[in-house]
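Both ligands and their constituent atoms are indexed starting at 1 by order of listing.
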Amino acid sequence: MGAQQQPDYDVIAIGAGFAGLGLIHYIREAGLSIQVFDKASDIGGTWTWNRYPGAASDSECYYYCLTFSKELLQEWKWTVRYPGWEENLSYMHFVADRCDMWPHIQLNTEIVSADFQEDSGLWQIKTAAGEAFTCKYLVSAMGMISEPVIPDIKGMDNFKGPLFHSARWPEEGLDYAGKRVGIIGSGATTVQMLPVVAETAANVTVFQRTANFVMPAVQQPMTEEWEEDIKAHYDEIIAKCRNHVFGMAFDSPVGRTIEETPPEEVQAILEEHWPRGSFRFVFETFDDLLSNPESNKVAGDFVVSKMKEKVKDPEIQEMLTPKGYPFFAKRPPLDHGYFEAYNRDNVKLVDIGEREPIVEITETGIRTTENEYEFDIIVLATGFQAYTGAQEALPIRGRNGLLLRDKWDTESSSIMGVFVADFPNLFMITGPQAPFANLPTSIEENIKYIVDCLNKMESEDLDLCEPIQQAEEEWTAHVAEIHEQTLMAQGDKVHSWMMGANLENRNPRVLIYFGGANVYYDKLRESADAGFPEVEFAQMAG
Ligand code: NAP
């Protein structure tokens with residue numbers, strides 16, 4: 001090390017989900033010290049916060065996991081295709097236990113500030129309890145969909161019963177049996193929550209602003225034969241994820257397009273793939289679903305026709321029909337009985353988009369322009385400030401005291417979602433302008449890249465890694481150019497978190513690299529192989 005002071009830890013990471021656990025493994029392997037802090041009472045990230053009924057992964061279990069240990073992959077046993085939050089948490093405990101990670105994890109510890117110290121070249125973090133720690137490398141492992149969006153609805157404090165965001169479902173549980181439940185929002189969270197809550201609640205009312213394209217999940221038990229097959233092919237599965245545009249172990253319909261396939265054959269292929277469930281419908285059917293507007297419409301119409309087969313009431317069918325934006329311009333939720341739930345007598349759908357917007361929350365429920373609804377419990381399933389929310393929730397100060405949230409005021413720029421100019425030695429895992437993909441795949445690729453950078457710095461006695469402003473501008477321009485070519489840039493109703501368009505008082509921006517996760521992982525590798533040309537390395541003077 002140049003003239004740098006000795007920090008408390010080489011690496012401090014904030015967040016003990018997949019990213020925090022993965023970091024502990026790879027950083028220890030590099031021979032560096034690491035401490036991971038999390039404000040939650042348990043590890044698990046998303047899975048410790050999102051304890052709402054029905055919460056489950058939308059990635060299939062066998063590639064929704066960390067892959068650094070072949071033994072662990074062979075040892076762990078999943079019970080279903082899409083594990084619920086409890087099973088995901090058990091898996092993460094299994095990883096932490098088996099890899100002796102607990103000494104590196106400090107829970108119940110909220111980080112309230114992170115400051116780059118110009119004089120020492122170290123980062124200092126402070127906790128809510130008043131502790132302070134220094135590190136050479138600070139890593140944001142806080143997750144890309146973790147900071148809840150609480151809508152600004154009049155009278156929210158007046159409601160007498162429990163009212164909370166879906167990602168803050170009470171940890172001790174909540175007895176909703178026989179209760180009247182109101183859910184604001186109809187995204188992936190509500191699609192999972194509704195069928196489970198409706199089973200025992202007195203009634204459930206969903207307040208929907210925008211209808212979604214919803215695809216079937218097709219939950220399945222893990223059978224012995226399936227498990228054996230998975231475990232015999234893990235190398236191939238990992239390679240498939242690494243080389244897939246969405247980071248998932250899918251096959252690609254190379255060269256097959258809706259445009260060039262006769263219409264009857266198109267329908268037959270869509271029908272054949274529909275019952276298989278998962279995002280496979282999008283990625284294993286045709287290559288032009290997300291690029292050709294006509295092909296996209298064919299697939300979108302097919303999805304809507306399937307919804308109509310399930311929902312009995314034509315009026316509800318109409319309300320559940322997405323309008324004004326292309327299929328996949330909002331992230332499509334996966335269905336575990338969502339549509340069937342609307343056939344129940346105790347489930348109601350309210351259109352707050354056009355017919356009866358919410359006016360206020362009262363002591364006893366929700367008042368719209370047309371009606372008053374009484375509830376015992378209100379859940380705000382209103383989504384997240386994706387990609388940037390967690391990093392902006394605490395003050396992170398880089399060079400000259402620059403606040404990250406100020407830097408990202410109008411544009412959330414980065415270099416490949418990992419580096420940010422003016423924030424030396426700060427690394428993000430799945431930061432803004434990284435792809436949206438199967439998260440454990442992206443997380444592990446990000447970690448390997450970051451650890452390669454740290455290894456270079458340690459072996460060459462370097463103190464500082466300064467992201468280059470021009471490289472950031474180039475990446476930001478590149479990401480914007482690709483975004484413009486996608487269907488995501490179309491539609492007048494795309495209030496999608498994928499563009500930060502779900503936030504009031506903030507301009508939408510390009511948050512996601514849509515060039516393909518596989519292409520992105522290649523770019524990370526090229527950068528590492530070329531010695532990280534996007535950053536400047538330096539030693540502290542002295
Ligand atoms: P979301 O998809 O952003 O949905 C939020 C819902 O709340 C939308 O229906 C939105 O309406 C509505 N809303 C927001 N603000 C509102 C307001 N002020 N008044 C009325 N309605 C409002 O959020 P989410 O369902 O929590 O899902 C977010 C993402 O998290 C998903 O897309 C997914 O990537 C991830 N997730 C994953 C899983 C999984 O993998 N198993 C499960 C849940 C979530 P508009 O559409 O009109 O804005």
For ligand 1, which atoms have a heavy atom of [X] less than 4.0 angstrom away?
X	result
Gly185	6 (C), 7 (O), 9 (O), 12 (C)
Ser186	6 (C), 8 (C), 9 (O)
Tyr52	42 (C), 43 (C)
Asp58	39 (C), 40 (O), 41 (N)
Phe436	34 (O)
Lys330	45 (P), 46 (O)
Arg331	32 (O), 33 (C), 34 (O), 37 (C), 38 (C), 39 (C), 40 (O)
Glu504	18 (N)

message: With a heavy-atom distance limit of 4.0 Å, tell me whether Ile145 approaches ligand 1 through its side chain, its backbone, both, or neither.
response: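 For Ile145, only side-chain atoms sit under 4.0 Å from ligand 1.
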
- request: Not counting sequence neighbours, list each pair that qualifies as a side chain to side chain donor-acceptor pair (under 3.5 Å) and has a residue in residues 160-174.
  value: Ser41-Glu171

Set of residues satisfying side chain to side chain contact (heavy atoms under 4.5 Å, CB included) with respect to Val359, sequence neighbours excluded: Arg367, Thr369

- prompt: Where do Ile145 and Ala386 come nearest, in terms of heavy atoms and distance?
  reply: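 Taking Ile145 first and Ala386 second, the nearest heavy atoms are CG1-CB, 4.5 Å.
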
message: Could you check, using the six-membered ring where one of them is a Trp, whether Tyr513 and Trp475 have ring centers closer than 6.0 angstrom?
response: yes

message: Centre-to-centre under 6.0 Å for Tyr91 and Trp47, is that the case here?
response: no

query: Under 6.0 Å from the NZ atom of Lys348, do we count more than 12 heavy atoms belonging to anything else shown?
result: no

